[in-house]
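Scroll down for the structure; my scribbles are underneath it.
The shown structure was predicted, so the numbers you read here are calculated from the model rather than taken from an experiment. Protein chains get the first letters and strands the later ones, always in sequence-line order, with residue 1 at the start of each.
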2 protein chains.
Amino acid sequence: MDQRSSKPDLDSAFNALSDSSRREMIRLLLQRPRRAGELAQNICMSPQALSRHLRVLRKAGLVAEESIENDARVRIYRVHARAFQPVQQWLLQVEELWRAQLLAFKSYAENAQRDRKSKT
Amino acid sequence: MDQRSSKPDLDSAFNALSDSSRREMIRLLLQRPRRAGELAQNICMSPQALSRHLRVLRKAGLVAEESIENDARVRIYRVHARAFQPVQQWLLQVEELWRAQLLAFKSYAENAQRDRKSKT
DNA sequence: CATTTATTTAACCATACGGTTAACCTTCTC
DNA sequence: GAGAAGGTTAACCGTATGGTTAAATAAATG
């Protein structure tokens, strides 16, 4: 019955996206799958630091690593777009509830206005 | 020229959403604006802890507090839906780039297939 | 005015995060 | 095989986060 453990994927996904370097990495990996070193050049960060960011993204399921046949040392990173779906979905739900709140307020305001008119 | 300081709003927004308790608070506040105590009942959390979560949401701009005329002790919290827009927008951009990547792969695959056919 | 009510802030603590340096794999390359 | 290349992990350290208890604020209430 612990609420905090109900959606660990959303937690880690949102958390992974809360860092601008990681978002930039996502953006670069969306252009095309890249090697870690390639990212390090563009992000201007030490390979070690970048590797940790990659691990955060990997654990959140947002990126996947795959080997390449030529050189087994390098791993290619690719965005796993499916993992964004829960995030998108949550935000869409927010939008939906927001609209419902707007409608509720609108009808409330209209009722209040009608009540004021009938009172005078 | 510091990349990390370019989008502090997105950072704090994503970070604020990376906690399931805070997401639940958002959900409750979307149903209707509520007082802090009301949230504490539903979230099952000490008022102090909840207040800090509220501050995180407030600093991220996701919720706004407003006073109420009846009792000036209580503050009503309300979702500030506009603040979700940058987040949504960023994710939409991801989706867009993802589609571009899909198209690129598709054309690559088709070319490869055509090349194989023409070779035989 | 003292008390209760509603909530936030302060102080404290344990834990988590992020960067750096150094060490470690693994696989090319000679 | 020795060494270099490409990356990841380990150890360390400062700082941020989150919860708790206790104190503070502010206003309704008796």
Open item on the list: Among residues at least two apart in sequence or on other chains, which ones pass side-chain contact (heavy atoms from CB on, under 4.5 Å) with Ser46(B)?
Closed with: Gln48(B), Ala49(B)
Task: Expected output: side-chain Arg22(B) to main-chain Ala16(B) donor-acceptor under 3.5 Å - done: yes
Task: Distance, rounded to the nearest Å, where Arg34(B) contributes CZ and dA6(C) contributes C1' - done: 17 Å
Task: Leu57(B) CG to dT17(D) P, straight-line distance once rounded to whole Å - done: 13 Å
Open item on the list: Taking any heavy-atom pair under 4.0 Å as a contact, classify Arg58(A): base, sugar-phosphate, or nothing.
Closed with: nothing
Open item on the list: Measuring only between side-chain heavy atoms, which start at C-beta, is Leu17(A) closer than 4.5 Å to Phe84(A)?
Closed with: yes
Could you give the side-chain donor-acceptor pairs of residues 26-39 of chain B under 3.5 Å, partners two or more places apart or in another chain?
unit_1, atom_1, unit_2, atom_2, d
Arg27(B), NE, Glu24(B), OE1, 3.2
Arg27(B), NH2, Glu24(B), OE2, 2.9
Gln31(B), OE1, Arg34(B), NH2, 2.7
Arg32(B), NH1, Glu38(B), OE2, 2.5
Arg34(B), NE, Leu28(B), O, 2.9
Glu38(B), OE1, Arg35(B), N, 3.3

Open item on the list: Test: salt bridge (Lys or Arg N to Asp or Glu O under 4.0 Å). Region: residues 85-103 of chain A. Which pairs qualify, not counting sequence neighbours?
Closed with: Glu95(A)-Arg99(A)
Task: Asp19(B) CG to dG18(D) P, straight-line distance once rounded to whole Å - done: 6 Å
Open item on the list: Tell me every residue that passes side-chain contact (heavy atoms from CB on, under 4.5 Å) with Ala83(A), counting only those two or more places apart in sequence or in another chain.
Closed with: Leu62(A), His80(A)
TODO: Nearest whole angstrom, please: distance from the C1' of dT17(D) to the CZ of Arg55(B).
DONE: 11 Å
TODO: Give the nucleotide from the list dT8(D), dT9(C), dG19(C) with an atom nearest to the side chain of Gln48(A).
DONE: dT8(D)
Distances under 3.5 Å only, N/O to N/O: pair up the protein atoms with those of nucleotides 5-7 of chain D.
unit_1, atom_1, unit_2, atom_2, d
dA5(D), O4', Arg73(A), NH1, 3.3
dA5(D), N3, Arg73(A), NH1, 3.0
dG7(D), OP1, Arg35(A), NE, 3.2
dG7(D), OP2, Gly37(A), N, 3.3

Open item on the list: How many whole angstroms separate atom CZ of Phe14(B) from atom C1' of dT17(D)?
Closed with: 20 Å
Open item on the list: Between P on dT20(D) and CZ on Arg52(B), what's the gap in Å once rounded to a whole number?
Closed with: 10 Å
Open item on the list: On the nucleotide dC17(C), are OP1 or OP2 found under 4.0 Å from the side-chain N or O atoms that His53(A) carries?
Closed with: no
- [ ] Measure the distance from CG on Leu17(B) to P on dT17(D) and round it to the nearest whole Å.
- [x] 15 Å
- [ ] On DNA chain C, check which nucleotide each of Ser46(A) and Asn15(A) is closest to and give me the residue with the more 5' one.
- [x] Asn15(A)
TODO: Among residues two or more places apart or on two chains, list those pairs meeting salt bridge (Lys or Arg N to Asp or Glu O under 4.0 Å) that have a residue in residues 45-59 of chain A.
DONE: none
TODO: Send over the distance from Leu50(B) CG to dG19(D) P, rounded to a whole Å.
DONE: 10 Å
